[in-house]
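Chain identifiers are assigned alphabetically (A, B, ...) following the order of the sequence lines, protein sequences preceding nucleic acid strands; residue numbering begins at 1 within each chain.
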Amino acid sequence: MSPLKIKKGSTSHSAYDLRPTFSDKEERHTLAVLVENEPGVLSRVIGLFAGRGYNIDSLTVAEVDHLGHRSRITIVTSGTPQIIVQIKAQLGRIVDVHEVNDLTVEGPSVERELALFKVTGTGNDRIEAIRLADIFRASVVDSTLESFVFEITGTPEKIDAFAELMRPLGLEEIARTGVAALSRGAVA
Amino acid sequence: MTKAMTGAKMVVQALIDQGVDTVFGYPGGAVLPIYDEIFQQNSIKHVLVRHEQGAVHAAEGYARSTGKPGVALVTSGPGATNAVTGLTDALMDSIPIVVLTGQVPTFMIGSDAFQECDTVGITRPCTKHNWLVKETDKLSSVLHEAFHIATSGRPGPVVIDIPKDVQFATGEYTEARQVETHYNPQVKGDMAIITELAIAMETAKRPLFYTGGGVINSGPAASQLLRELVAATGFPITSTLMGLGCYPASGENWLGMLGMHGLYEANMAMHDCDLMINIGARFDDRITGRLDAFSPGSTKAHIDIDASSINKVIKVDIPILGDVAHVLEDLLNVWKSRGRKTDKESVQKWWHEINDWRKVDCLKFEQKGKVIKPQYALSRLEELTKKHDRYICTEVGQHQMWAAQYLGFEDPNRWMTSGGLGTMGYGFPASIGVQMGHPDALVINVAGEASWLMNMQELGTAMQYNLPVKQFILNNERLGMVRQWQELLHGERYSSSWSESLPDFVKLAEAFGAKGIICSDPADLDDAIMEMLNHDGPVLFDCLVEKHENCFPMIPSGKPHNEMLLGENADTANAIQAGGAVMV
């Protein structure tokens, strides 16, 4: 027996379906990882992905509970179902990880990403850019006579689509935050 | 109640509170305050090794043979980097050790100070967890939590990096019972799935227990329950290299070790079984061979404490997440309460098949002529030492596989070998750790001459503490396993695989004040072994053996279990094809 006091609600690292049906098809999954906000914890997570050769399509991290000392890491990854299960189990082994949730399979969820676009141009291109920005509900956060900076929020697909449209109109630079995601409904 | 003390004192106090009696270490600038505290107390014995890698392996040997966490203490910079191989070794083999590293003072971190390195950064991927403690007030709780994390769940190595100013500063000491942790791995298995396994056992026609290091790590109760389960069901049992001793080698259901150099009957049984019950093993590549031909017709159950081991390489049908001892206890209860049923007739037929495989006698060898066969050397060692209170360590290579094949282990925690990482140089320092934990026992390190030289400096340690470890070196003047692979795989071009300029091992022993014995004649071997056993002190036994002996049976890489190479007459010319050659 451990001489230490085990905190109530502590993780048992067991909330995984150990009997999934495996296929060879690559899937994209969004994982929400609740971690202890300690130095090095992000490095542990990234090191795991790098060391074991898993993909990171997108990664965001920020403290979400100052008093509880918790950060939330949202990772979009891709792999076969067997790899996805393995990634979740490997994340669960990290001592600083409290919870791993797979938002792709654990019920419906919402995903949003924020991006800033710098678009330069004059004449018709400039008019077209702001017209499209309006359609995409992007807002102008900076402007000069030959440039705009647009702020746009949405799913990664929406931002990809906006980037495609802006490219011929003088797209200079994009900054994206990566995906933030939450499960839908009342239950956390 | 809290007490104020310096960080250095906290380290010693926490070790005492955690029941530590032995620390393996090497001092240096960044750990001087801790060494000063060690000097002023008598509860903890410090063993001065000759290289930090030796300290970590010794701690591993201590941990594996006692079941208690091992502790090592090293300084910053090179002290920490020298510990990395041992940490990785302990991580791969799930050995609970706590390694304390000194660090430059907090205000110098990041300045490329003398003997500074990013210890937590370097050791992050080779520890179960690590900490850089920047406040003395937090040091004692980290120390206590470190022992908890190293020993619970799947055990492993942890590192605590302690800057020198934190060691000097005074802070509040926290008792272990005041420390809260969220780390609490699940030990009880799911009863529904355990019942499913019991039902599968009732109807299995060709069942097999495939056990591993998890049984040993789960504690002596797990081995006891396993023995009970094997006796009650009558099923055959095999084990990985890591699990030797969890079931007695003299037990009648024992098939011997399985895997790349495992026994014919064990590997054939793995291939042909219809119910494989994996208990605390991890389907390592040394075990599975070619994955798509691995035990094609079996239902696979897997008991493991680590969710990431389940379905990692082999898809299993009955996954049970939990500690081996807890799960086996429940499994036995369920199976008994359901009426202790097995398909006796089919299992009997299965045993007939197995007994036919046993008749192949895959470990047979012929000792003829004036040169000692390594198999003969180990058979004699086994015969002359098996009645002793005996602990065996090994280095890595052919001698390790022969030791696993020809020595018998009756109990857990008697066999210390580097399985996952395959660290040459592991065995000698490990034997020192074992002897520290068991001062009156016979501790033998079965070695190859090349492996042994990798940490030979520890002969000084063995002498200083009068540790009568027996170094049984099978000297073939070759890197035997490398040579074997070059023979099978690289057209017999023996690139750098022979040991030139070897020392005279007898003189080497004597230079340290130890006893050296050389033996080259099979007729002299028994007497020489007896001389080794009768000497009260460290012995270097230079056993000159056949230089080109290959280790068989062998499953060539890329091959399934039922395509083993057996003995000297095996067709080795085309044993490994291009697909297998890429694997190690």
Open item on the list: As a quick check of understanding, evaluate side-chain contact (heavy atoms from CB on, under 4.5 Å) for M10(B) and Q13(B), giving each step before the final call.
Closed with: CA-CA 5 Å; M10(B) 276 181 196; Q13(B) 188 61 49; 5.5 Å; no
Open item on the list: Determine whether D137(B) and Y173(B) satisfy the following criterion, side chain to side chain donor-acceptor pair (under 3.5 Å), listing intermediate values before the conclusion.
Closed with: CA-CA 7 Å; D137(B) 278 334; Y173(B) 183 81; over 6 Å; no
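For R44(A), the side-chain hydrogen bond (donor to acceptor under 3.5 Å, both in side chains) partners are N130(B), not counting sequence neighbours.
Contact of Q82(A) with chain B is made through the side chain alone, with heavy-atom distances under 4.5 Å. Contact of V158(B) with chain A is not made at all, since no heavy-atom distance falls under 4.5 Å.
Looking only at heavy-atom pairs under 4.5 Å with chain B, the residue among L48(A), I87(A), I83(A), D96(A) that has the most is D96(A). Interface remark: of the candidates E38(A), Q90(A), Q86(A), Q86(A) forms the most heavy-atom pairs closer than 4.5 Å to chain B. Among the candidates K315(B), K128(B), H302(B), the residue making the largest number of heavy-atom pairs closer than 4.5 Å to chain A is K315(B).
Between D292(B) and R290(B) there is a salt bridge, since at least one side-chain N of the basic residue sits less than 4.0 Å from a carboxylate O of the acidic one.
Paired with E111(A) under the rule side chain to side chain donor-acceptor pair (under 3.5 Å), one option of T74(A), T155(A), T104(A), T30(A) passes, and it is T30(A).
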